[in-house]
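Reminder, nothing fancy here: chain letters follow the sequence lines and each chain counts from 1.
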Amino acid sequence: MAKIGLIAWKELKTYFTSWIAYVLITGWLFIAGLLFLLVLQRPQEFQVSPIYNILVTIMLFIAPLVTMRLVAEERSSGSLEMLFTSPLTEWQVTLGKFFGAWAFIGILLLVTLHLPFFATHYGSIDTGPVWGSYIALLCVGAAFMSFGLFCSSLTESQVVAGFLTFGGLMISWMLNWPAQEMPTSDVAGFIGHWSVFSHFQDMMRGAVDTKDLIFFLSFTVLFLFATVRVLESRKWR
Amino acid sequence: MIEVEHLSKVYGAALAVRDLSFRVGKGEILGFLGPNGAGKTTTMRILTCFMAPTAGTARIAGHDILENSLEVRRNIGYLPENVPLYPEMTVRDYLGYVAALRSVPQNKRAERLEAALDAGKLEDRADTIIRKLSKGYRQRVGIAQAVIHDPPVLILDEPSAGLDPRQRVETRQFIRSLSKDHTIILSTHILPDVQETCSRVVIINKGAIVAEDTPEHLGATRGRSTRLTLAVRRPAGDAAQKLQKIKGVTAAQRQDGDKSAAGGNGNGRDANEHTFLLNVTPDADVREEVARLTVNEGWGLLELHRERNSLEDIFLELTTSGAVDTEET
C-alpha cells in the first residue's frame with residue numbers, strides 16, 4: 001500500500017513540474033467560472049447541474065492530456081525497466097499511477113468548490129445536486145483515468161495514447177446519443193446503457209443510485225485489470 | 001550466487017537466447033560479452049525478472065526467477081543500457097524515490113542515499129535536476145540507483161558508456177571495490193574494462209555461449225593463431241620462406257618498413273634490424289625451432305617474442321566466424 005501511495009504521489013508531483021497542470025487548472029477554472037456566470041444570468045431558478053454536465057464533457061478533453069504519459073513515457077524512456085526490476089507488482093504500479101491521475105482530477109474538482117459556496121452564501125440552493133454532481137464527476141474521472149491509463153499502457157507514443165483515449169471516450173459519448181434522441185427505443189436504450197455518459201445524470205440531480213456506482217466501479221476496475229494484463233504481457237512477448 | 005540453467009528465449013520465430021547455462025560465485029565479477037543482438041540484454045532482462053524465459057530458469061541468491069520474482073528483485077541492482085531516469089526530478093529526489101521503491105527502511109534511507117551519491121561521485125550534483133545533467137553524469141546516476149539498496153547482486157549493462165577516460169577508470173575501480181561484498185555481471189563493449197575488472201568472461205554469439213573462461217586463460221588458449229615477432233640482424237632473402245616451412249607456422253611476413261608493427265614506434269631499432277611476424281597455431285610452441293633456424297642460418301638473432309591474442313582478437317574471432325551452429329528456429 002505504501003508503494004502505491006509513493007507512486008501516486010510521484011505521479012501527482014510530476015504534473016506540477018511541467019506547464020500541463022497549470023494550464024489545465026487555469027483553463028478548467030476559467031470554463032467553470034464562465035459557466036457559473038451564464039447559469040447565474042438565466043431567468044430560471046438557479047441550478048448547478050448544467051455547469052457540471054458541461055464540465056463532464058470538458059473532462060473528456062482533459063482525460064487524454066492527464067493520462068497519455070502515465071505508462072507510454074515510462075516505456076519510451078526505459079524507466080519502466082527500473083520499475084519492474086524493483087520489487088513491485090503490476091497492480092502496485094497500475095494503482096499508483098491511477099490514483100496519481102485521479103488525485104489530479106480531485107484537485108480540479110477541489111478548485112471549483114468555491115462556486116457552490118458562493119451560490120449557497122448569496123442565495124439558497126439545494127445541496128443534494130451539488131454533492132451528487134461532485135460524486136458524479138469523481139466517478140466519471142475514475143472511469144476516464146482508468147481508460148486513459150489502459151490506452152497509455154498500449155503504446156510508447158504519448159500522442160497515440162492520447163488519441164486512443166480521446167477516441168474511445170468519444171465513442172462512449174456517442175453510444176448515448178441514440179438514447180437521448182429516441183428515449184422510447186429499447187435498442188437505443190440498450191446501447192446507451194453501455195455509455196459512461198448515461199450513468200451520471202441521476203447523480204447530478206441528487207439521486208445517487210447504487211447501480212450507477214457499480215457501473216463506474218466495474219468500468220474502472222475492468223480497465224485497471226486490462227492495464228495490469230498489458231503490463232504483464234511484456235514478460236511473455 | 002547466480003545460477004543460470006538452460007535458459008532460452010524465443011521472440012516469434014527468432015531464437016534470442018539458446019540454452020544458456022552458467023554460474024557466478026559470490027564475490028565474482030563476470031564479464032558478459034557479445035556483439036549487438038547476441039542476446040545479452042535479453043538474458044539480463046530475464047535475470048532481473050523484467051521478462052520471462054521461454055525455457056529454463058535461473059536462481060539469484062537462492063531464489064528462483066519464476067517462482068519468487070519479488071525476492072529476486074530485492075536482491076538485484078540493475079543498470080539497464082538505457083539509463084532509467086525521471087528528468088524532471090533532482091538527483092536526490094530520484095535516488096530517494098528509487099530507495100523507497102526498493103524497500104530501503106526509512107531509518108536507513110539517508111545513509112544509503114549518501115552512499116549511492118558517493119558511489120556515483122554525485123555529491124556536487126545531488127540537487128541538480130536530472131534533465132540538466134550531462135550524459136556522463138546521467139550514467140553515474142544510473143550506477144547510483146543500481147546500488148542504492150545495497151543488493152548482493154549487481155547486473156550492469158554498459159556502465160562506462162558515455163563516461164570520459166578518468167570517469168571510466170573511477171568506475172572500474174568502483175566496480176572492483178564492490179566485488180568484495182557483491183556478485184556482479186558486467187556487460188560492456190569496452191574490452192579493456194573487462195580485462196582489468198572481470199575474474200571470468202562469458203562470450204555469447206547469436207544467443208549461445210561460445211566461450212567461458214578467465215580473461216588470461218582465454219588469451220592463452222583461444223584463438224586460431226598466436227603471433228611471434230622475430231628480430232634479426234642479417235636475414236637471407238628467403239628467410240620468410242624458410243620460417244614458413246617450420247611445422248606450426250601458418251604465415252611468416254617480413255615487416256621492414258613498418259617499424260611500428262615490429263615493436264612500438266621503432267624505438268631502439270637500427271637500420272640493420274629486420275623483423276618478421278609469424279602466425280602460429282595456438283597448440284604449437286615453435287620458438288625453439290625458430291631460434292635454432294635463425295642461429296644455424298647465421299641471421300643474427302636479436303629478439304624472439306610471443307604475443308598472445310588479445311581479448312579483442314578472441315572476441316572478434318568467436319563472434320564473427322560462426323563458431324557455433326547459429327541456425328535460428
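- When side chains are defined from C-beta on, A:Ile7 counts as touching B:Leu101, because their heavy atoms get closer than 4.5 Å.
- With sequence neighbours excluded, no residue forms a side-chain hydrogen bond (donor to acceptor under 3.5 Å, both in side chains) with B:Glu111.
- A 6.0 Å sphere centred on CZ of A:Phe163 holds no more than 12 heavy atoms belonging to other residues, nucleotides or ligands.
- Heavy-atom distances place no part of B:Val72 under 4.5 Å from chain A, backbone and side chain included.
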Using only distance, no hydrogens or angles, which N or O donor-acceptor pairs sit under 3.5 Å between chain B and chain A?
{"from": "B:Lys9", "atom 1": "NZ", "to": "A:Lys235", "atom 2": "O", "distance (Å)": "3.2"}
{"from": "B:Arg45", "atom 1": "NE", "to": "A:Glu81", "atom 2": "OE2", "distance (Å)": "3.0"}
{"from": "B:Arg45", "atom 1": "NH2", "to": "A:Glu81", "atom 2": "OE1", "distance (Å)": "3.2"}
{"from": "B:Phe50", "atom 1": "O", "to": "A:Arg234", "atom 2": "NE", "distance (Å)": "2.8"}
{"from": "B:Ala52", "atom 1": "N", "to": "A:Lys235", "atom 2": "O", "distance (Å)": "3.0"}
{"from": "B:Arg73", "atom 1": "NH1", "to": "A:Phe84", "atom 2": "O", "distance (Å)": "3.1"}
{"from": "B:Arg73", "atom 1": "NH1", "to": "A:Ser86", "atom 2": "O", "distance (Å)": "3.0"}
{"from": "B:Arg73", "atom 1": "NH1", "to": "A:Leu88", "atom 2": "O", "distance (Å)": "2.9"}
{"from": "B:Tyr78", "atom 1": "OH", "to": "A:Glu81", "atom 2": "OE2", "distance (Å)": "3.0"}
{"from": "B:Tyr86", "atom 1": "OH", "to": "A:Glu74", "atom 2": "OE1", "distance (Å)": "2.7"}
{"from": "B:Tyr86", "atom 1": "OH", "to": "A:Glu74", "atom 2": "OE2", "distance (Å)": "3.2"}
{"from": "B:Leu101", "atom 1": "O", "to": "A:Lys3", "atom 2": "NZ", "distance (Å)": "3.1"}
{"from": "B:Arg102", "atom 1": "NE", "to": "A:Ser86", "atom 2": "OG", "distance (Å)": "3.0"}
{"from": "B:Ser103", "atom 1": "OG", "to": "A:Lys3", "atom 2": "NZ", "distance (Å)": "2.7"}

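- Contacts of B:Arg200 classified as side-chain hydrogen bond (donor to acceptor under 3.5 Å, both in side chains), with partners at least two apart in sequence or in another chain: B:Glu28, B:Glu212.
- Remark: B:Arg168 engages B:Asp193 in a salt bridge (charged side-chain N to carboxylate O under 4.0 Å, His left out) (not counting sequence neighbours).
- Counting non-hydrogen atoms of neighbouring residues, nucleotides and ligands closer than 6.0 angstrom, the CZ atom of A:Phe117 reaches no more than 12 such neighbours.
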